[in-house]
Amino acid sequence: QLELVESGGGLVQAGGSLRLSCVPSGRTYSSHVMAWFRQAPGKEREFVAAIRWGTGATYYADSVKGRFTISRDKADNTLYLQMATLEPEDAARYYCARGNSYDRSPTSYIYWGQGTQVTVSS
């Protein structure tokens, strides 16, 4: 069973930055899509960003476009989410996920991490 381990969450002031990391326990192949989702209390899990592991093609939710950057280090088998200009509305638990195709629906992703909490103070 694949495990995904996220790290890098924390408390940050509005306007600040954080970088999240996600390390899968097994190898990530070029055919895989890795994604970040987030879920705030009382809200549904929502798509944040995704990347095709092989080509590096990236996709973003409109709410984070221009502020967040998803990337991967193939040599280290690590997924990143660089978050800048954070807003209180970005506060949530952030999850990384792995799937076999790009989709903005969480149901398309097979493996999930436990999440890392991001808190943004105003």
Is any side-chain heavy atom of Y102 less than 4.5 Å from a side-chain heavy atom of T58?
-> no
Quick one: OG on S101 to NE2 on H32, what's the gap to the nearest 0.5 Å?
-> 10.5 Å
List in chain and number order the residues that pass salt bridge (charged side-chain N to carboxylate O under 4.0 Å, His left out) with K74, two or more places apart in sequence or in another chain; answer none if no residue qualifies.
-> none
Audit row: Y59, F47, ring pair (Phe, Tyr, Trp, His ring centres under 6.0 Å) steps and yes/no | CA-CA 10 Å; Y59 309 87; F47 172 79; 7.8 Å; no
Take I110 and N100 through the test side-chain contact (heavy atoms from CB on, under 4.5 Å) and record every step on the way to the result.
-> CA-CA 8 Å; I110 304 168; N100 296 321; 3.3 Å; yes
Look up atom CZ in R45 and atom OH in Y94, then write down how far apart they are to the nearest 0.5 Å.
-> 13.0 Å
Could you give the distance from CZ (F37) to CD (E44), rounded to the nearest 0.5 Å?
-> 12.0 Å
Spacing of CG belonging to L79 relative to CD1 belonging to I51, to within rounding of 0.5 Å | 7.0 Å
To the nearest 0.5 Å, tell me how far Y111 OH sits from M34 CE.
-> 12.0 Å
Results of salt bridge (charged side-chain N to carboxylate O under 4.0 Å, His left out) for E89 - residues two or more places apart only | none
With a 4.5 Å limit on heavy-atom distance, are the side chains of L20 and E6 in contact?
-> no
Is there a donor-acceptor pair closer than 3.5 Å between any side-chain N or O of R67 and the backbone N or O of T85?
-> yes
Closest non-hydrogen atom pair, G8 against L18 = O-CD2, 3.8 Å
Measure the shortest side-chain to side-chain distance between V64 and R38 over non-hydrogen atoms and say whether it is less than 4.5 angstrom.
-> yes
Spell out, as yes or no, whether a donor-acceptor pair under 3.5 Å connects the side chain of W36 to the backbone of Y80.
-> yes
Test side-chain contact (heavy atoms from CB on, under 4.5 Å) on D90 and M83 and set out the steps.
-> CA-CA 9 Å; D90 295 316; M83 305 186 293; over 6 Å; no
Counting distance only, does the side-chain N/O of R72 pair as donor-acceptor with the main-chain N or O of G54 below 3.5 Å?
-> yes
Write down the atom of Y109, the atom of A50, and the distance for their closest heavy-atom approach.
-> OH-CB, 4.2 Å
Hey, does the side chain of Q114 reach the backbone of V5 with a donor-acceptor pair shorter than 3.5 angstrom?
-> no
Minimum-distance pair of heavy atoms, taken over all atoms of I70 and Y60 | N-OH, 2.9 Å
Which pair of heavy atoms, one from K43 and one from Q39, lies closest together, and at what distance?
-> O-NE2, 3.1 Å
Atom CZ of R98 and atom OG1 of T28: how far apart are they, to the nearest 0.5 Å?
-> 5.5 Å
Exam field: side chain Q82 to backbone T69, donor-acceptor pair closer than 3.5 Å | no
Transitive ILVMFWY side-chain link V120 to V48, under 4.5 Å | yes
Taking atom types as modelled and ignoring hydrogens, do the side chains of D73 and T78 form a donor-acceptor contact shorter than 3.5 angstrom?
-> no
Trace of the side-chain contact (heavy atoms from CB on, under 4.5 Å) decision for S7 with T116 = CA-CA 6 Å; S7 61; T116 185; 5.6 Å; no
Does CD in E46 sit with more than 12 non-hydrogen atoms of other residues, nucleotides or ligands closer than 6.0 Å?
-> yes
Please say whether more than 12 non-hydrogen atoms of neighbouring residues, nucleotides or ligands are located less than 6.0 Å from CD in Q117.
-> yes
Considering all heavy atoms, the nearest A14-S122 contact = CB-CA, 4.3 Å
Considering all heavy atoms of both residues, which atom of L4 and which atom of A97 are nearest to each other, and what is their separation?
-> CD1-CA, 3.7 Å
Is the backbone of G115 close enough, under 3.5 Å, to the side chain of R93 for a donor and an acceptor to pair up by distance?
-> yes
